[in-house]
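Only a predicted model underlies this, so the values are computations on that prediction, with no experimental measurement involved. Letters go in sequence order (proteins before strands), and every chain restarts at 1.
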Amino acid sequence: MELNPEHPAYTISVVAQLLGLHEQTIRQYERLGLIAPCRTIRKTRLYSQNDIERLECINYLVKTCGVNLSGVKIVITLSCQHPEIELLLKTRRFHPQDLEGPTQV
DNA sequence: CTTCTAACA
DNA sequence: TGTTAGGA
């Protein structure tokens with residue numbers, strides 16, 4: 001058994017079927033820098049468990065939170081630097097309505 | 001399996 | 001803008 005979440009394990013077809021996404025969509029995510037699966041020598045993508053979770057986060061942000069792909073890039077980037085936000089993402093509790101709006105003057 | 005291009009909502 | 005389809 002491989003317990004390392006970084007361990008490359010799934011091909012794009014498997015991931016696509018797993019998450020209900022089309023392969024092209026996942027490739028587009030990579031093209032936009034939202035995901036970076038490792039490659040085999042023959043350039044086939046291999047997704048780790050972390051990659052899967054990351055893709056699920058992207059899906060969550062897009063479908064539940066209504067964030068566009070540019071926004072997803074920003075959110076993920078920031079969340080990586082802020083453990084609290086990262087947890088919100090992981091637990092799917094990144095509800096905009098829970099956050100304070102723009103500071104009222 | 002890959003990348004690239006084009007069409008559609 | 002993002003997703004899907006098709007060709008190479």
For [X] and [N], give me the distance from atom [atom1] to atom [atom2], rounded to whole Å.
X: Leu34(A); N: dT1(C); atom1: CG; atom2: C1'; value: 14 Å
X: Tyr47(A); N: dC1(B); atom1: OH; atom2: P; value: 10 Å
X: Leu21(A); N: dG2(C); atom1: CG; atom2: C1'; value: 12 Å
X: Ile26(A); N: dC4(B); atom1: CD1; atom2: P; value: 18 Å
X: Lys73(A); N: dG2(C); atom1: NZ; atom2: P; value: 13 Å
X: Lys63(A); N: dG2(C); atom1: NZ; atom2: C1'; value: 11 Å

I want to check one thing: is the phosphate of [N], taken as OP1 and OP2, less than 4.0 Å away from some side-chain N or O of [X]?
X: Arg27(A); N: dG2(C); result: no
X: Thr25(A); N: dT4(C); result: yes
X: Tyr29(A); N: dT3(C); result: yes

For [X], report the nucleic acid contact type (base, sugar-phosphate, nothing); a contact means any heavy atom under 4.0 Å.
X: Arg42(A); value: nothing
X: Ile12(A); value: sugar-phosphate
X: Ser13(A); value: sugar-phosphate

Between Thr44(A) and Arg31(A), just flag the one whose closest nucleotide in DNA chain B comes earlier from the 5' side.
->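 This one resolves to Thr44(A).
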
Side chain of [X] only, heavy atoms from C-beta on: which candidate in [options] is closest?
X: His22(A); options: dC1(B), dT4(C), dG2(C); result: dT4(C)
X: Gln28(A); options: dT3(B), dT3(C), dC1(B); result: dT3(C)
X: Val62(A); options: dT2(B), dT3(C), dT1(C); result: dT3(C)
X: Glu23(A); options: dC1(B), dG2(C), dG6(C); result: dC1(B)
X: Arg45(A); options: dT3(C), dT5(B), dT2(B); result: dT2(B)

Are the side chains of Gln81(A) and Glu86(A) in touch, meaning some heavy atoms are under 4.5 Å apart?
-> no

Kindly check if the number of other-residue, nucleotide or ligand heavy atoms within 6.0 Å of CD (Gln17(A)) is above 12?
->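 Open.
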
Is the side chain of Asn59(A) donor-acceptor paired with the backbone N or O of Glu56(A) at a distance under 3.5 Å, no angle test?
-> no

Within the side chain of Tyr60(A), is there an N or O that forms a donor-acceptor pair under 3.5 Å with the backbone of Arg92(A)?
-> yes

Write down the partner of dT2(B) under the Watson-Crick or G-U wobble criteria, each distance required to be under 3.5 Å.
->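 Paired with dA8(C).
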
Below 3.5 Å, does any donor atom in the side chain of Gln24(A) face an acceptor in the base of dG6(C), or the other way round?
-> yes

List the atom of Arg54(A), the atom of Leu34(A), and the distance in Å for their closest heavy-atom pair.
-> NE-O, 2.7 Å

